[in-house]
Every structure is written in C-alpha cells, then in structure tokens.
Amino acid sequence: MNNNYFKIAVLPGDGIGPEIISESIKILDVIAEAFQYEFQFNYGLIGAEAIFKTGDPLPEETLKICKESDAVLFGAIGDPAFDNNPEAKVRPEQGLLKLRKELGLFANIRPLKTYASLIEKSPLKKEIIEGADIQIFRELVSGIYFGEKFTDPEGAYAYDVCKYSREDILPIAHMAFQEAQKRNKKLTLIDKANVLDTSRLWRKICQEIASEYPDVQLDYMFVDNAAMQLILNPKQFDVILTENMFGDIISDEASVIGGSIGLLPSASVGEKNALFEPIHGSYPQAKGKGIANPIASILSVAMMLDHLGLQPAANKLRQSVEHAIENKYVTIDLNTKQYYSTSEVGSFIADYIKYSEKSYYNFENVKIGKSTIV
C-alpha cells in the first residue's frame with residue numbers, strides 16, 4: 001500500500017465552481033511535487049451541469065466516484081435557471097443534499113478567522129473583530145432540510161417537517177466537544193429551545209454528555225440572540241454547535257466578519273467519507289470573468305490535507321495563503337484598487353509553496369501595486 005497515494009473525487013459543479021477548482025488542482029499538483037505525494041483526480045458531474053447533461057443532479061457515476069475516493073473536492077452548486085423557477089421539480093441543490101446523505105456526511109465544519117491585513121474589509125469595527133477565531137459545527141443530514149415536505153396542489157399551503165433523533169445529534173455533539181478541548185475549552189449550543197421540541201432534545205443530549213468533557217464550558221444561546229451576538233461580540237465564541245438550518249444561516253452571517261465570504265473553507269465529514277468545499281455559492285454573475293476569489297477553495301484543500309494526515313503540506317499551504325493576503329495579492333473583492341485574477345492568485349500561492357522566499361515574484365513590486373515578475 002502506498003501511503004502517499006490518494007484518490008480525489010473532483011466535482012467542479014456550477015457557476016464559478018470550475019474556475020476555483022482549477023486553482024485548487026493547481027495547488028495540489030505543486031504540493032504533490034514538493035512533498036512527494038501522488039493525487040489521482042477523478043471528475044464527476046453534479047448540480048445544474050449534471051441536470052443539463054443527464055437530467056439528474058447527482059448521477060450514479062458521480063456517486064460511485066465519490067464513494068471510491070479518499071476525499072471529495074467540491075466547487076459550487078446552483079444556477080439562475082432553477083433559482084428563478086419555483087415550479088422546477090429537479091433542482092441542482094438536490095444533488096448536494098443527496099450526496100451528503102449518501103456519503104453520511106453528518107458534520108459540517110467551518111473555521112472562521114480574521115486576517116490583520118484585511119480587517120478594514122469587514123463591515124464591523126476593528127476592535128470588535130480583531131482576534132476573532134471561531135469553529136462552527138453544523139449538523140448536516142437531518143432536520144428540516146431532510147424532513148417530510150408537502151405543497152398543496154392548489155398552492156394554498158405547504159409544510160416542512162423538522163425531525164431529530166438522539167442518533168443524529170450524538171456524533172456531531174461529541175465532535176464539537178472534542179474540538180473545544182483542543183481550543184479554548186468553550187462550546188456554545190445555538191438553538192431555539194424556548195419554542196422548538198427539537199432544540200430541547202439537542203440541549204438534553206448535550207447536557208447528558210457534558211460530564212464526559214469536564215474541562216469544557218458548555219453554554220446555550222437562542223439563535224435570534226446568537227445572530228445578534230455574532231455581530232456585537234464575535235470574540236465571545238470559540239466552538240459553536242448547532243442544527244442544520246440554524247447552522248446554514250449562522251455560518252453565512254459569520255462569514256462577513258473576515259471581510260469576504262470568498263475566504264472561508266469548510267469540511268463535511270462522516271465516519272467513512274469527507275467532502276471539502278468553499279462556503280460561497282456559485283456566484284453566476286462572475287462566471288468566466290476571472291474575478292472569483294479562489295482562496296476559500298484553496299483553504300478547503302488545506303482542510304482536506306489535514307484530513308488525509310498530510311499536516312506539513314497543509315501548514316505550508318496555509319502559510320502561502322497568508323503570504324498572498326499579507327502582500328495584497330488578492331482578487332477584486334479584497335482589493336478594488338489593485339487586484340489580480342483568479343488564476344493569478346492561484347499561481348502566486350502555488351509558486352510560494354514551491355519556492356518560498358526564492359519565488360520568482362518580485363514582492364517589492366507587488367507591494368507597490370505592480371505585478372512585475374523577475
């Protein structure tokens with residue numbers, strides 16, 4: 001068995017997905033060379049692209065590729081052709097929801113941190129966000145997104161059922177407690193226990209297992225208050241644990257703290273499988289324009305490398321991303337006055353992985369707003 005050989009399922013998806021995934025593959029090719037790894041990339045269709053070509057948002061061939069891989073690298077999903085059509089019976093997002101369920105990806109993990117050189121990009125004040133470092137654990141394969149759904153044929157009413165069991169909650173609760181032990185030993189459960197029975201079940205189970213983690217401080221916050229507190233005082237949070245829909249909303253809100261949703265990666269993990277993706281959507285308005293920020297996808301690669309046990313490569317990749325940000329070698333969402341294309345940012349990061357300070361990029365010229373290469 002070759003411990004340096006890995007099969008990666010690559011699902012570029014829709015919108016800017018193919019562009020950012022292209023940069024992530026560029027990074028992995030350089031890492032393979034620098035660290036003597038071998039990555040086999042197997043591509044699959046998903047989302048709108050898959051519907052247009054096969055009629056199915058998750059073709060069986062794609063699912064097979066994913067199940068036979070060591071990890072899945074995912075781009076983005078969604079297309080205006082479906083977003084603006086409430087009558088559509090088949091939707092791109094159904095492919096991703098089914099993939100999560102089929103692979104047993106019960107936990108979505110979203111790290112959020114601030115970068116000193118980008119603090120001014122955040123809509124929040126520097127003193128509020130400086131030093132914020134949060135890890136969000138969102139349950140991914142249960143709750144209202146996966147419950148029974150019904151729409152009256154006459155269009156008079158509709159319902160979605162939110163259902164949770166002990167078996168749905170325990171695995172991700174343990175995972176969040178264990179992560180809190182590695183960090184600042186504080187875990188906040190975000191729920192709506194004053195109204196919802198499912199939220200009360202979450203609290204009951206977390207209270208039961210808290211005794212297994214005596215060094216972790218467990219507290220609770222209603223989701224409406226949490227949405228406000230994330231803006232007023234994000235530094236109060238360390239590890240956040242929450243259910244599916246609340247996690248979807250809270251984690252997207254939290255993304256503005258760092259200045260751009262284009263910076264935030266995520267991992268969706270289960271007992272046997274794992275998928276890595278940026279948290280931003282397909283951003284169809286930017287498709288093909290070379291302006292999409294590839295950093296969230298590239299940092300998702302770093303999370304994938306962690307998962308595969310390749311920590312030296314993951315650490316080097318994060319260092320290289322921070323180098324690009326510190327030198328303001330970024331896309332237009334992070335610097336409207338002097339910016340670089342999607343592929344230029346990817347190449348800059350890849351080059352630093354390969355050569356570090358001996359890079360052929362002239363950093364002094366970069367700093368003064370020139371892209372001269374020497």
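Glu148 has no carboxylate O lying under 4.0 Å from a charged side-chain N of Lys163, or vice versa, which leaves the two without a salt bridge. Taking the charged nitrogens against the carboxylate oxygens, Asp197 and Arg200 do have a contact shorter than 4.0 Å, which makes a salt bridge. Note on Asp224 versus Lys192: salt bridge recorded, some NZ/NE/NH1/NH2 to OD/OE distance being below 4.0 Å. Comment: Lys113 does not engage Asp133 in a salt bridge, judged by the lack of any side-chain N to carboxylate O separation of less than 4.0 angstrom.
Each of Ile51 and Leu11 belongs to its own hydrophobic cluster when Ile, Leu, Val, Met, Phe, Trp and Tyr are linked at side-chain heavy-atom distances under 4.5 angstrom. Hydrophobic clustering, with ILVMFWY side chains joined whenever heavy atoms are under 4.5 angstrom apart, keeps Phe82 apart from Tyr283. There is no path of hydrophobic side-chain contacts, each under 4.5 Å, that joins Leu103 to Ile65.
No side-chain donor from either of His323 and Tyr329 sits under 3.5 Å from a side-chain acceptor of the other. Between the side chains of Thr54 and Asp56, no donor-acceptor pair of N or O atoms lies under 3.5 Å. A donor-acceptor contact under 3.5 angstrom links the side chains of Ser165 and Asp168, judged on distance only.
With Tyr5 as the aromatic partner, Lys7 does not meet the cation-pi criteria of under 6.0 angstrom to the ring centre and within 45 degrees of the ring axis.
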* Are Val10 and Phe39 close enough, and set up right, to give a side chain to side chain contact (heavy atoms under 4.5 Å, CB included), and what steps lead you there? -> CA-CA 11 Å; Val10 182; Phe39 299 110; over 6 Å; no
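The only member of Leu299, Ile279, Ile257 that meets side-chain contact (heavy atoms from CB on, under 4.5 Å) when paired with Leu264 is Ile279.
Within 6.0 Å of CZ on Phe146 lie more than 12 heavy atoms contributed by other residues, nucleotides or ligands.
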